[in-house]
Amino acid sequence: MASKTVTQNGIAQHSANYGSVVTHHTAKSGHTHPVVHIPSPVAHYDTTISKPVRKYLGTYGLIPPEPDTYEVQKKRCLAQLRSKQTNIGKFIYLSQLRNANVHLFYRILTDHFTEITPLVYTPVVGEACQRWSEIYMQPEGMYLSYMDKGNIANVLKNWPREHVEITVVTDGSRILGLGDLGVNGMGIPIGKLALYTGCAGIRPEGTLPLTIDLGTSNKAFREDPMYLGSRRDKVTPEEEAAYLDELMAALKERWPDIVIQFEDWKNPFPSLAKYRQDYAMFNDDIQGTGAVIMGGIIGAVKQSGVDPKDHRAVFLGAGSAGVGVAQQIVEYFVHEGMTEEDAKKCFWLVDSKGLVTLDRGDKLADHKVYFARDDNDSQQYKTLEEVVDHVKPTIIMGLSTIGGAFTTEILQKMGKTNKRPIIFPLSNPVSKSECTFEEAIVNTEGRALFASGSPFYPYEYEGKTYHPGQGNNMYVFPGIGLGTILCKAVKVTDAMIYASGEALPTMITDEEKELALLYPQITRIRDVSARVALYVIRAAQKDNVDRLHHLREMSDEKLETWIKDHMYDPHSEVESTENELDSLAKDLAHTRSLSQEKNPLKL
Ligand SMILES: NC(=O)c1ccc[n+]([C@@H]2O[C@H](COP(=O)([O-])OP(=O)(O)OC[C@H]3O[C@@H](n4cnc5c(N)ncnc54)[C@H](O)[C@@H]3O)[C@@H](O)[C@H]2O)c1
Ligand SMILES: O=C(O)C[C@H](O)C(=O)O
Ligand SMILES: [Mg+2]
């Protein structure tokens, strides 16, 4: 039915006010409030839209007259993008494109994942966050302040979209390895959710980027007149906890099925423990990172030729990501037949004070205690190099935020003691990476099994081209969210997280194995996300936390196809909007000619 089409696409409501200030609903007081509209998901000014449809939309005459093809449109956009001299210029251009024409943005992102992802996500999003106050132009998500305490549910009502399926929420207190960036951290929820849409096909209008201003410990920002957040110091952990209780309840009240991803919080362990039973939530830095690195380690362990029980893993960094990854690999080793006690002994964690031991003399944070060593004969090891000499690791992981911490000496030692050393510098962005791909290859004569958090280019060494893996949680969080949404899981269980990592090696092709790749090529990320979602749904079913029970009856093949059918595809979007509107325009013209009535629709 024609009228249904109009409502479904939100066209009728939004056509006249796209991207502009409009008068909104009348509040109880009787006043009308001006509301800045978050840009409509329907790209009314798309230059491929045909003339009859432009007339129907009321955009005839507002766009250059001759309709484009997508190929030409894309060429124009890529030329504009590539003409920008700096990465931040490219980031700004792509944000503008997303706000001007959301389907076009996602068409280009999905056609050029390798080029565009680093510009809207890690690493360039890091620079964008550092300079957010300088480059800010328009709202693309919600900013909640500590001042809103007691009133959060009402503030959430201002979000102009009815159906939010997923939110990524940060307080900006640990943005990548760049420290506390306060409200400037907003780039991260926006970037993560862009990948939810691009990689996992969550509809753009179903996503809510959310940044909470709980103050900032960043003194330079507090003193910067351009800074857009509050000038107060960080709230206390108790104040934060009470605020989060209210926020979580308010989110669920407005959107009962919402999936909530916590991102880039300093010490996020308490909130994960507190909310994971009552909400469909997960922490990407602890759990998503744990799963994605486990997925890469499964292949690396196989390629190393060393039995899991004989691996010795040294981790630089014992924070959310370090502990999350170590815990997840323990689980994998247990799946491989080891006892938990033996699996745990394969790990040596190093923080800013040195090797984490039970008798180090400082009070260890709760999350470090599980991995604290008790076999150090009272000796303390202060530096990574000392620990490497002591342990002779087969694996080194970097989740420390310390760029260059894997020195030439350390890499060469890894090369000397291992046939295939496993070297994962995982800190972001590139400036914080513990080593570069080139350093890992050169210092191990090309034998390193490598994955990094930020992307690196392939590297040619002694006549052979080596390909780096990108061990970034972007390979799993989109699929975790998609699977959770689609099966309507009431919570995100450990088994669902484990399954997301387990799905990754199943997607590596023989060609990728030949190249010693530990992760599938990014160009296949949509298929990878669908596979991750499949595994997540199966695990949810086993744990009995799913609510869409008819999915249980489907074969894996059928379910994977069903998942793909439910993914937003920006390529079909513009055509189907065009087709629907075109037939709608024809219908209306026909009805009008039948009834001889005056044209109410600017046709
Ligand atoms: N690749 C990925 O997908 C991924 C995912 C999550 C986090 N990360 C990266 O991991 C890094 C850490 O994130 P996090 O959430 O664990 O942060 P965190 O603040 O919780 O932990 C940082 C850890 O590094 C340690 N550290 C700091 N300085 C050190 C030093 N000089 N020597 C040794 N250790 C030191 C700290 O003691 C702490 O244990 C960040 O750069 C982040 O971007 C990457
Ligand atoms: O954001 C990323 O690129 C990965 C990860 O979540 C991080 O905090 O570094
Ligand atoms: Mg993160």
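For ligands, and for the atoms within them, numbers begin at 1 and follow the listed sequence.
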List every atom of ligand 1 that sits less than 4.0 Å from any heavy atom of Gly471, numbering the atoms from 1 in the order shown and giving each element.
-> 1 (N), 2 (C), 3 (O)
For atom 19 (O) of ligand 1, state which one of Gln470, Lys266, Glu263, Arg174 supplies the nearest heavy atom.
-> Lys266
Quick one: does Asn428 get an N or O within less than 3.5 Å of an N or O on ligand 1?
-> yes
Say whether Asp285, considering both its backbone and side-chain N or O atoms, lies within less than 3.5 Å of an N or O atom on ligand 1.
-> no
Which residue and heavy atom of the protein sit nearest atom 27 (C) of ligand 1, plus the separation | Ser400 O, 3.5 Å
Where does Ile402 meet ligand 1, judged by heavy-atom distances below 4.0 Å: at the side chain, the backbone, both, or neither?
-> side chain
Short version for Asp285: what comes under 4.0 Å of ligand 2, heavy atoms counted, is side chain
Can you sort out which atoms of ligand 2 are near Asn472, meaning under 4.0 Å from one of its heavy atoms?
-> 2 (C), 3 (O), 4 (C)
Check whether the ring centres of Tyr459 and His467 lie less than 6.0 Å apart, and answer yes or no.
-> no
Are side-chain heavy atoms of Ile258 and Ile166 found at a separation under 4.5 Å?
-> no
Do the side chains of Arg373 and Leu358 get nearer than 4.5 Å, heavy atoms only?
-> no
Polar contact flag for Gly317 and ligand 1 (N/O pairs, less than 3.5 Å) = no
Proximity to ligand 2 by part of Lys432, non-hydrogen separation under 4.0 Å | neither
Compare all side-chain heavy atoms of Ile108 with those of Ile116 and state whether any distance is below 4.5 angstrom.
-> yes
Protein contact to atom 7 (C) of ligand 1 [nearest heavy atom, distance to 0.1 Å] = Ala321 CB, 3.6 Å
At what distance is the nearest protein heavy atom to atom 9 (O) of ligand 2, and which residue and atom is it?
-> Asn428 ND2, 2.8 Å
Which ligand 1 atoms are under 4.0 Å away from a heavy-atom of Ser427?
-> 9 (C), 10 (O), 11 (C), 41 (O)
Just need the protein heavy atom nearest to atom 10 (O) of ligand 1, so name the residue and atom and give the distance.
-> Leu399 CD2, 3.5 Å
From the Mg ion (ligand 3) out to just under 2.8 Å, does an N/O/S atom of Glu263 turn up?
-> yes
Residue from Val528, Ile525, Val532 passing side-chain contact (heavy atoms from CB on, under 4.5 Å) with Cys199 | Ile525
Got an N/O contact under 3.5 Å between Val292 and ligand 1?
-> no
Here the pair of heavy atoms bringing Met507 nearest to Pro520 is CB-CG, 3.9 Å
With atoms numbered from 1 as shown, which atoms in ligand 1 lie under 4.0 angstrom from a non-hydrogen atom of Gly453?
-> 1 (N)
Interfacing atoms of ligand 1 (cut-off 4.0 Å, heavy-atom, Gly177) = 40 (C), 41 (O), 43 (O)
Residues Ile212 and Trp265: closest non-hydrogen pair is CD1-CH2, 4.0 Å
Nearest to atom 7 (C) of ligand 2 by heavy atom, Ile175, Asn283, Leu176: which?
-> Leu176
What protein heavy atom is closest to atom 3 (O) of ligand 1, reported as residue, atom name and distance in Å?
-> Asn473 N, 3.0 Å
Among all protein heavy atoms, pick the one closest to atom 40 (C) of ligand 1 and tell me residue, atom and distance.
-> Thr401 CG2, 3.6 Å
Considering only protein heavy atoms, which is closest to atom 3 (O) of ligand 2, and at what distance to one decimal place?
-> Thr122 OG1, 2.4 Å
Hey, what do you get for NZ (Lys266) to CG (Asp285), rounding to the nearest 0.5 Å?
-> 11.0 Å
With Lys192, which of Thr122, Thr207, Val168 fulfils side-chain contact (heavy atoms from CB on, under 4.5 Å)?
-> Val168
Between Phe347 and Phe315, does the ring centroid distance fall short of 6.0 Å?
-> yes
Among all protein heavy atoms, pick out the one at the shortest distance from atom 5 (C) of ligand 2; state its residue, atom name and that distance to 0.1 Å.
-> Asn473 ND2, 3.4 Å
Any heavy atom of Leu316 sitting closer than 4.0 Å to ligand 1?
-> yes
Do Asp494 and Arg276 come within less than 4.5 Å of each other through their side chains, counting heavy atoms only?
-> yes
Is Thr289 touching ligand 1 with its side chain, its backbone, both, or neither, if touching means heavy atoms under 4.0 Å apart?
-> side chain
Please work out whether any backbone atom (N, CA, C, O) or any side-chain heavy atom from C-beta onward of Asp264 is under 4.0 Å from ligand 2, and answer side chain, backbone, both or neither.
-> side chain
CA sep, side-chain torsions, deciding dist, call: Ile286, His367, side-chain contact (heavy atoms from CB on, under 4.5 Å) = CA-CA 11 Å; Ile286 303 172; His367 63 271; over 6 Å; no
The atoms of ligand 2 lying under 4.0 Å from a heavy atom of Lys192, numbered in the order shown, are 1 (O), 2 (C), 4 (C), 5 (C), 6 (O)
Are any side-chain N or O atoms of Tyr243 and backbone N or O atoms of Ser145, one a donor and one an acceptor, separated by less than 3.5 Å?
-> yes
Shortest protein contact, atom 39 (O) of ligand 1 (heavy atom only) | Ala318 N, 2.8 Å
Please work out the angle at the Mg ion (ligand 3) defined by atom OD1 of Asp264 on one side and atom OD1 of Asp285 on the other, rounded to 10°.
-> 100°
Looking only at heavy atoms, is any part of Thr289 under 4.0 Å from ligand 2, and if so is it the side chain, the backbone, or both, or is it neither?
-> neither
Among all protein heavy atoms, pick out the one at the shortest distance from atom 21 (O) of ligand 1; state its residue, atom name and that distance to 0.1 Å.
-> Gly319 CA, 3.3 Å
Is there a donor-acceptor contact under 3.5 Å linking the side chains of Asn473 and Thr289?
-> yes
For ligand 2, is any non-hydrogen atom under 4.0 Å from Glu263's backbone (N, CA, C, O), its side chain (CB onward), both, or neither?
-> side chain
Tyr275 and Tyr279 aromatic ring geometry - parallel, tilted or perpendicular at 30°/60° bounds | perpendicular
Do you know which of Phe450, Tyr466, Phe456 makes ring pair (Phe, Tyr, Trp, His ring centres under 6.0 Å) with Phe437?
-> Phe450
List the steps and the verdict of ring-ring contact (aromatic ring centres under 6.0 Å, His included) for Phe477 and Tyr196.
-> CA-CA 8 Å; Phe477 70 75; Tyr196 264 109; 5.2 Å; yes
Protein heavy atom at shortest distance from atom 44 (C) of ligand 1 | Leu426 O, 3.1 Å
Given Ser352, Ser320, Gly126, which one has a non-hydrogen atom that is nearest to atom 32 (N) of ligand 1?
-> Ser352
Do the side chain of Arg98 and the main chain of Ser95 share a donor and acceptor less than 3.5 angstrom apart?
-> no
With the side chain counted from C-beta on, respond yes when Leu176 and Ile188 share a heavy-atom pair under 4.5 Å apart, and no when they do not.
-> yes
